[in-house]
K.L.:
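Have a look at this one.
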Amino acid sequence: MNRTKAVLSDVQGVYSGPEGNLWKLIMGEQIHIGGFAQSKILAEKAGISKGEKVLDLCSALGAGLRFLARFYGVRGYGLDATEAMITKAQEATAADGLSSMIEYRKGDVRNIPWQDGFFDVVWGEDAWCYVEDKESMIREAARVLRKGGRIAFSDWVEGPSGWTEETAQRICGFMKFPFIGKREYWEKLLLDSGFEISSSEDCTKHFAGCIDLYISMLTEQLMFDALRIIGWDMDMFQAMGGEMAFMSQQAHAGAFGRCRITAVKK
Ligand SMILES: C[S@@+](CC[C@H](N)C(=O)[O-])C[C@H]1O[C@@H](n2cnc3c(N)ncnc32)[C@H](O)[C@@H]1O
C-alpha cells in the first residue's frame with residue numbers, strides 16, 4: 001500500500017487526547033485486542049519465565065508489563081513516545097505496587113535507548129502498526145536482544161484475502177497508521193533481521209469478532225461515556241461508528257486482520 005500522511009506526532013496526538021481515551025474506554029488498560037486472554041497466549045508462545053528482562057515496545061499505559069510482572073514475575077521495561085502514556089503508566093504501576101519491577105522510558109522505538117544484548121524478550125501488542133519505519137525498529141529490537149532472546153508480538157495487518165488501495169487508505173487514514181503489510185511482511189522482515197520464526201498465526205477471525213464487540217459496547221452500553229470523551233459531538237460519534245462498521249466488514253471479509261508472531265534471535 002502507499003503510505004498515508006500519518007506520522008509520529010499524529011499518533012502522539014491520538015494517545016494524548018480523546019481518541020486514546022475512547023480506546024481505553026472500550027479496551028480497558030490493555031489497549032489491544034482480546035486483553036488478558038490474548039496476552040496470556042502470547043506469553044505462553046514466547047515461553048516467558050520468571051526473572052527475564054522484557055522490553056515492551058510501545059508500552060502505552062503499561063498494562064502489558066504489569067500483566068507480565070504480576071503473572072510471570074518478569075522485570076519489565078517500557079518504551080513509549082507519548083509523554084501522557086508514560087506518566088499514566090508510571091502512576092498505574094505505582095498504584096498496583098509494581099514500581100520496583102518495571103521501568104519506563106520515553107522514546108522512539110526506532111532508536112531504543114538501551115545497550116546491546118540487554119533483554120531476554122522484546123514484546124509488542126497491537127502497536128507496531130503505528131510505527132513509520134518498522135525496519136529500523138526490528139533492527140533495534142535485534143540489537144538489544146541477547147543471542148537466543150525472543151521477540152513476541154501481535155499486530156494489526158492487511159488480512160489474508162488482501163485489500164484494495166482504497167480500503168487500505170481509508171482504514172489506515174482513520175487509524176493513523178502510516179502503512180501496514182500482511183503477516184508475511186513481518187515474517188520476511190524478521191528473517192532478514194537475523195531471527196528464526198517459532199510461530200506465526202493469523203488471528204483475523206477473532207479480530208473481526210472483537211471489532212463487533214467494541215461496536216456493540218459503544219452503541220448498547222457506553223454511548224454516554226463515549227460522547228462525554230468527544231465533547232458531546234454526535235456527528236463525530238456517528239462518523240466514527242461508520243468507520244468501525246467498515247473495519248468490521250473488511251475484517252469479516254478477511255481483508256483487514258491481526259497476526260501473532262514469535263521468533264528467536266539467531
Ligand atoms: C495501541 S497503543 C499500545 C498498546 C499497548 N501495547 C497495550 O497492549 O496496552 C499504541 C502506543 O504506541 C505508541 N507509539 C506509536 N509509535 C511509537 C514510536 N515510534 N515509538 C514509541 N512509541 C510509539 C503510542 O504512543 C501509543 O502509546
Side-chain angles (χ1 to χ4, degrees), residues 3-4 6-43 46 48 54-71 74 76-93 96 98 102 104-114 121-141 144 151-157 172 174-180 203 207 210-211 214 247 258-261:
R3 284 176 175 265
T4 67
V7 292
L8 180 57
S9 55
D10 297 309
V11 180
Q12 289 168 316
V14 167
Y15 286 96
S16 304
E19 252 181 277
N21 290 334
L22 263 188
W23 286 119
K24 184 181 172 217
L25 178 71
I26 55 177
M27 289 182 158
E29 292 195 337
Q30 289 190 297
I31 315 175
H32 61 255
I33 297 285
F36 187 102
Q38 289 293 305
S39 296
K40 189 155 191 329
I41 294 172
L42 188 62
I48 305 268
V54 180
L55 171 65
D56 186 355
L57 293 180
C58 301
S59 48
L61 297 170
L65 288 173
R66 283 181 279 129
F67 161 83
L68 290 171
R70 182 170 298 283
F71 294 100
V74 308
Y77 301 81
L79 181 64
D80 201 283
T82 306
E83 181 81 44
M85 288 284 122
I86 295 286
T87 305
K88 287 179 187 173
Q90 285 166 335
E91 286 167 2
T93 301
D96 280 355
L98 294 170
I102 304 173
Y104 297 96
R105 291 188 188 173
K106 185 181 167 218
D108 192 326
V109 297
R110 293 172 288 187
N111 187 15
I112 298 175
W114 273 280
V121 179
V122 168
W123 175 269
E125 292 177 286
D126 296 15
W128 299 352
C129 38
Y130 288 109
V131 176
E132 284 162 70
D133 181 357
K134 303 185 207 313
E135 283 81 2
S136 296
M137 177 187 68
I138 295 297
R139 194 169 50 240
E140 279 287 89
V144 297
I151 188 165
F153 66 99
S154 54
D155 205 15
W156 296 26
V157 289
C172 293
F174 172 65
M175 289 299 304
K176 312 282 190 312
F177 298 159
F179 77 98
I180 57 177
C203 308
F207 175 76
C210 287
I211 301 288
Y214 304 145
M247 293 202 298
R258 181 171 175 267
C259 70
R260 175 170 50 238
I261 298 180

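Ligands are counted one by one from 1 in listed order, and the atoms in each one are counted from 1 as well.
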K.L.:
Is the ring pair Trp123/Phe67 parallel, tilted or perpendicular, if the boundaries are 30 and 60 degrees?
P.N.:
parallel
K.L.:
Please table the atom pairs, donor to acceptor, closer than 3.5 Å between any side-chain atom in residues 28-39 and protein atoms at least two apart or in another chain.
P.N.:
residue, atom, partner, partner atom, Å
Glu29, OE1, Arg66, NH1, 3.0
Glu29, OE1, Arg66, NH2, 3.3
Gln30, OE1, Phe36, N, 2.8
Gln30, NE2, Ser39, OG, 3.1
His32, NE2, Gly35, O, 3.0
His32, NE2, Ser39, OG, 3.0
His32, NE2, Glu125, OE2, 3.3
Gln38, OE1, Arg258, NH1, 2.9
Gln38, OE1, Arg260, NH1, 2.9
Ser39, OG, Gly35, O, 3.3
Ser39, OG, Glu125, OE2, 2.6

K.L.:
CD of Glu83 to CD of Gln12: how many Å apart, nearest 0.5 Å?
P.N.:
9.5 Å
K.L.:
Between Leu65 and Tyr104, is any pair of side-chain heavy atoms under 4.5 Å apart?
P.N.:
yes
K.L.:
Does Thr82 reach the side chain of Val14, with side-chain heavy atoms less than 4.5 Å apart?
P.N.:
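No; the side chains remain at least 4.5 Å from each other.
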K.L.:
If you measure from CZ on Phe71 to NZ on Lys40, what distance do you get to the nearest 0.5 Å?
P.N.:
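Between atom CZ of Phe71 and atom NZ of Lys40 there are 9.5 Å.
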K.L.:
At a heavy-atom distance under 4.0 Å, which protein residues reach ligand 1? Sort them by chain and number, would you?
P.N.:
Leu8, Val11, Tyr15, Glu29, Gln30, Ile31, His32, Cys58, Ala60, Asp80, Ala81, Thr82, Met85, Gly107, Asp108, Val109, Glu125, Asp126, Ala127, Tyr130
